[in-house]
Amino acid sequence: MSRAALLVLADGRFPAGGHAHSGGAEAAVKAGRITGAASLEDFCRGRLHTTGTVSAALAAAAALGLDPVALDEAADARTPSAALRVAARRLGRQLLRAARVAWPAPELDALARQFPKGAHQPVVLGVAARAAGLDAEDAAYCSAYESVSGPATAVVRLLSLDPFDATAVLARLAPQLDEVARAAAESARRAVGEGVDALPAASAPLLEVGAEGHAGWAVRLFAS
Amino acid sequence: MHLNHTHESDGAAVSADAHRPDGTRRALRIGLGGPVGSGKTATVAALCQTLRTELSLAVVTNDIYTREDAEFLLREAVLPPERITAVETGACPHTAIRDDISANLEAVEDLEDEVGPLDLILVESGGDNLTATFSRGLVDAQIFVIDVAGGDDIPRKGGPGVTTADLLVVNKTDLAPYVGSDLARMAADAKAQRAELPVVFQSLRSEEHVTPVARWVREQHATWTKKQTAPASTTAEPTQ
Amino acid sequence: MDEEADRTGIDHSRTDTVTHHPPSPRPPQSPAGVQARARIAARPDARGRTALPVLHGEGPLALRRTRTTGPEAHVMLVGAMSGPLGGDHLTVEAEVAEGARLSVGSAAATIALPGQDGAPARYDVSLTVADGAELHWLPEQLISARGSELRVTTRADIGAGGRLVLREEQVLGRTGEAPGLLHSRLTVRRAGRTLLDQELSCGPGAPTGWDGPAVLAGHRAVGQLIVVRPEFEHEGPKPAMLGDSAALTPLAGPAALVTALAPDALRLRHILDDALNRLT
């Protein structure tokens with residue numbers, strides 16, 4: 001196993017459905033809250049320290065081998081928006097499909113049997129990272145990065161934002177991604193002894209509300 | 001056409017495997033691609049109306065803006081609503097049929113689970129550009145639909161869709177006189193690009209309607225059925 | 001505002017409230033802080049109404065039973081002083097036994113204020129609702145004043161057949177004032193399974209982005225209303241938008257949550273009152 005597997009897993013072209021989701025950016029653009037690179041950056045910071053942190057910790061915990069069923073329940077409790085739970089399970093199922101071909105492993109097969117309609121994506125991500133020989137912090141990095149790279153890519157399409165500017169936003173977030181990934185792995189290690197309540201539960205009210213509104217739109221570019 | 005890879009272990013993880021996880025044969029999947037407005041959705045609707053009495057059918061649409069194509073098909077009532085599914089593509093319809101087919105694979109498998117057994121699933125791409133083709137991991141054969149009003153130089157220009165699709169449909173031939181398109185030239189250019197691959201000139205307003213395309217689809221299905229009932233399968237025990 | 005009517009009749013003749021400053025013990029981390037605990041226990045009585053065998057307040061946490069008719073007991077949390085101040089640790093516990101119905105409100109908003117030594121304050125609420133019991137927990141707002149730091153946790157444990165209506169409102173600063181630092185965590189468990197676990201950190205010192213387009217975007221009041229009812233197991237409320245900045249969503253269990261943001265406390269309350277009427 002090789003650490004370069006992290007590059008494969010975190011690649012935006014990894015075929016796991018992420019391209020069709022904006023991470024709440026489409027709703028924020030429509031509401032006029034993201035209008036350019038600066039507000040995108042602010043959006044990404046907020047997302048990284050809330051749902052990004054939670055996802056990273058769930059992924060890290062799954063990579064450590066915590067029970068995926070308990071983690072999936074913890075993800076449900078930390079995802080009050082029904083629309084976001086649907087999106088997370090759909091993405092989890094798509095990721096599982098790709099991961100089972102990329103890194104065949106009994107744990108991934110078991111996950112598919114336990115969750116035929118999909119487990120929460122961060123949980124699948126953690127188990128996939130484990131199957132790829134990656135550690136908890138790698139899984140946390142991947143999840144934290146996805147929490148901001150998805151919206152950045154979406155905003156390039158939604159606002160015709162200069163792609164260099166969007167990439168620069170991600171580059172500027174790198175030190176915070178380091179912090180979030182480290183903290184997520186730390187909380188995941190605590191959860192090994194203390195249970196899933198030790199995982200963070202940071203929430204972003206506008207992402208929750210925006211996701212419910214977005215799910216009801218008749219016309220939209222992204223699935224969430 | 002041939003599947004370019006086979007896996008024998010666990011079908012669920014593998015896209016182009018010809019069998020469902022329980023070992024039964026899955027439906028033939030045919031993709032329909034082509035530029036915006038060339039008549040993909042109208043062709044899908046006509047195929048459904050023609051074939052629905054002889055084949056168990058379902059449709060997956062890949063809209064650019066959510067569910068418009070799916071809703072057209074629902075309005076036209078070409079199939080019961082549970083047989084039509086829309087996949088959302090995040091402003092990149094070609095990605096969803098070629099680079100990241102995971103959402104479409106979920107959609108076709110869910111259709112087979114929920115309304116199956118199915119003989120045929122039509123996967124319609126969002127109207128995109130001339131380079132958009134379907135992954136062989138998603139479909140077994142693909143139809144590329146262009147129309148005479150889009151310019152009679154499209155076959156000459158080629159591109160992956162025009163050149164490699166298993167069937168090229170040049171649609172709206174009834175409009176040719178009005179838009180000054182030269183059908184003979186389009187046919188010659190298509191022949192040059194595609195060698196032996198078939199081309200159908202179609203007008204859904206003519207008496208012939210979708211008949212030639214429907215005939216081609218029937219042939220694909222017959223070949224598929226024959227191939228799949230041959231010993232290829234190392235049949236797993238059907239699961240509960 | 002229908003509940004206002006219920007709140008009018010504070011019954012001062014009742015004497016089952018104990019209000020005094022705690023003799024000691026003080027929280028070790030902050031010698032200046034107050035440590036106080038209030039406890040409520042509700043049980044059904046022989047007449048099918050709800051008795052309150054425990055109604056115990058302390059320090060800044062005073063409790064009053066308000067006059068009611070009907071099977072439900074009403075309790076008002078009366079702030080005997082403003083606070084919590086930095087260094088304080090306040091705890092409120094309510095336990096509703098099978099067959100009892102309790103409704104708890106507060107007489108005024110809670111205002112988190114800075115203490116003398118900059119220590120954070122803590123406010124912990126622990127609610128236990130047995131199978132077949134019902135609790136309405138509808139306190140006034142929590143206001144985070146400039147310079148304050150408060151950690152508030154609310155934890156509700158509900159039996160499989162228990163019912164809960166819980167409202168939380170957080171207001172960032174008094175009128176025209178910058179907020180303090182506020183961390184809140186709301187955990188609702190039902191039949192041993194966590195239905196909702198949510199933290200929110202906002203104000204100066206919170207992780208960056210808290211006031212950005214993903215989290216609060218300049219809204220100064222944020223609130224939640226959670227309704228847990230066993231009937232929702234079969235058919236719960238459908239997701240719905242309640243205006244531009246509030247949404248109703250079913251949780252992964254027989255419960256619904258309203259999340260609302262508003263420019264100020266008043267407008268937040270309007271949204272949550274409408275939602276309460278819709279859900280109960």
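Reminder, nothing fancy here: chain letters follow the sequence lines and each chain counts from 1. Atoms considered below: every heavy atom in the structure, side chains included; atoms not considered: hydrogens, waters and symmetry mates.
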Residues C:L166, C:L225; criterion side chain to side chain contact (heavy atoms under 4.5 Å, CB included); working and verdict: CA-CA 6 Å; C:L166 183 153; C:L225 177 72; over 6 Å; no
C:T153 and C:D124: CA distance, side-chain angles, deciding distance, side chain to side chain donor-acceptor pair (under 3.5 Å) verdict: CA-CA 5 Å; C:T153 65; C:D124 298 320; 2.6 Å; yes
For side chain to side chain contact (heavy atoms under 4.5 Å, CB included), just list the numbers for C:D264 and C:R267, CA-CA rounded to whole Å, side-chain angles, deciding distance to a tenth of an Å, and then say yes or no. CA-CA 6 Å; C:D264 57 51; C:R267 277 177 274 190; 2.8 Å; yes
Could you walk me through whether C:Y123 and C:T154 pass the side chain to side chain contact (heavy atoms under 4.5 Å, CB included) test, one step at a time? CA-CA 8 Å; C:Y123 199 136; C:T154 304; over 6 Å; no
Steps toward side chain to side chain donor-acceptor pair (under 3.5 Å) verdict (A:E212, A:H214): CA-CA 5 Å; A:E212 290 300 324; A:H214 184 269; over 6 Å; no
Could you walk me through whether C:L182 and C:L142 pass side chain to side chain contact (heavy atoms under 4.5 Å, CB included), step by step? CA-CA 10 Å; C:L182 179 63; C:L142 171 62; 3.9 Å; yes
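The greatest number of non-hydrogen atom pairs below 4.5 Å with chain A, out of C:V188, C:V215, C:T187, is found for C:V215. Of the residues considered (C:G209, C:P213, C:G212), C:P213 shows the highest number of contacts with chain A, using heavy-atom pairs under 4.5 Å. With respect to chain C, the highest number of heavy-atom pairs below 4.5 Å among A:G46, A:A77, A:G24 belongs to A:A77. Of the listed residues A:R85, A:E41, A:H49, A:E208, the one with more heavy-atom pairs under 4.5 angstrom with chain C than any other is A:R85. Of all the listed residues (C:D211, C:L261, C:L257), the one sharing the greatest number of non-hydrogen pairs under 4.5 Å with chain A is C:L261.
Within the 4.5 angstrom heavy-atom criterion, only side-chain atoms of A:Q176, from C-beta onward, approach chain C. Contacts between A:R78 and chain C at a heavy-atom distance below 4.5 Å involve backbone atoms as well as side-chain atoms. Only the side chain of C:H219 comes within contact range of chain A, judged by heavy atoms closer than 4.5 Å. If you measure heavy-atom distances from C:L251 to chain A, the contacts under 4.5 Å come from both the backbone and the side chain.
A salt bridge links C:R269 and C:E169; the closest N-O separation between the charged side-chain nitrogens and carboxylate oxygens is under 4.0 Å.
Chain A is approached within less than 4.5 Å, heavy atom to heavy atom, by C:R193, C:T194, C:L195, C:L196, C:D197, C:Q198, C:E199, C:L200 from residues 191-203 of chain C, ordered by number. Listed by sequence position, C:P239, C:M241, C:D244, C:S245, C:A246 are the residues of residues 239-246 of chain C in contact with chain A, using a 4.5 angstrom heavy-atom cutoff. Contacts from residues 191-205 of chain A to chain C, taken as heavy-atom pairs separated by less than 4.5 Å, involve A:D197, A:L199, A:P200, A:A201, A:A202, A:S203, A:A204, A:P205 in sequence order. Residues of residues 138-169 of chain A lying within less than 4.5 angstrom of chain C, judged on heavy atoms, are absent.
Checked by atom type and distance alone, the side chain of A:T50 pairs as donor or acceptor with a backbone atom of A:R47 at under 3.5 Å. A:S39 places a side-chain N or O within donor-acceptor distance of the main-chain N or O of A:G36, the cut-off being under 3.5 Å. Under a 3.5 Å cut-off, the side chain of C:R146 and the backbone N or O of C:A178 do not form any donor-acceptor pair.
C:Q141 and C:A265 make their closest contact through NE2-CB, 4.0 Å (heavy atoms, listed as atom of the first residue, atom of the second, distance). Summarising the geometry of A:G23 relative to A:F43, their closest heavy-atom pair is O-CZ, 3.4 Å, with the distance given to 0.1 Å. Of all heavy-atom pairs between C:L90 and C:P84, the closest is CD1-CB, 3.8 Å. For the pair C:W137 and C:A94, the tightest heavy-atom approach, listed with the atom from each and the gap, is CZ3-CB, 4.1 Å. The two residues C:L248 and C:A256 come nearest to each other via the heavy atoms CD1-CB, 3.8 Å. Of all heavy-atom pairs spanning C:A206 and C:L181, the tightest one is N-CD1, 3.6 Å.
A donor-acceptor contact closer than 3.5 angstrom is absent between the side chains of C:D157 and C:T128. C:S184 and C:E168 are not linked by any side-chain donor-acceptor pair at a separation below 3.5 angstrom, with hydrogens and angles left out of the test.
For the side chain to side chain contact (heavy atoms under 4.5 Å, CB included) with A:F115, the lone residue among A:D72, A:V124, A:V123 that qualifies is A:D72.
Counting heavy-atom neighbours within 6.0 Å of C:R37 CZ, excluding the residue itself, gives a total of 12 or less. Atom CZ of A:R90 has 12 or fewer neighbouring heavy atoms from other residues, nucleotides or ligands inside a 6.0 Å radius.
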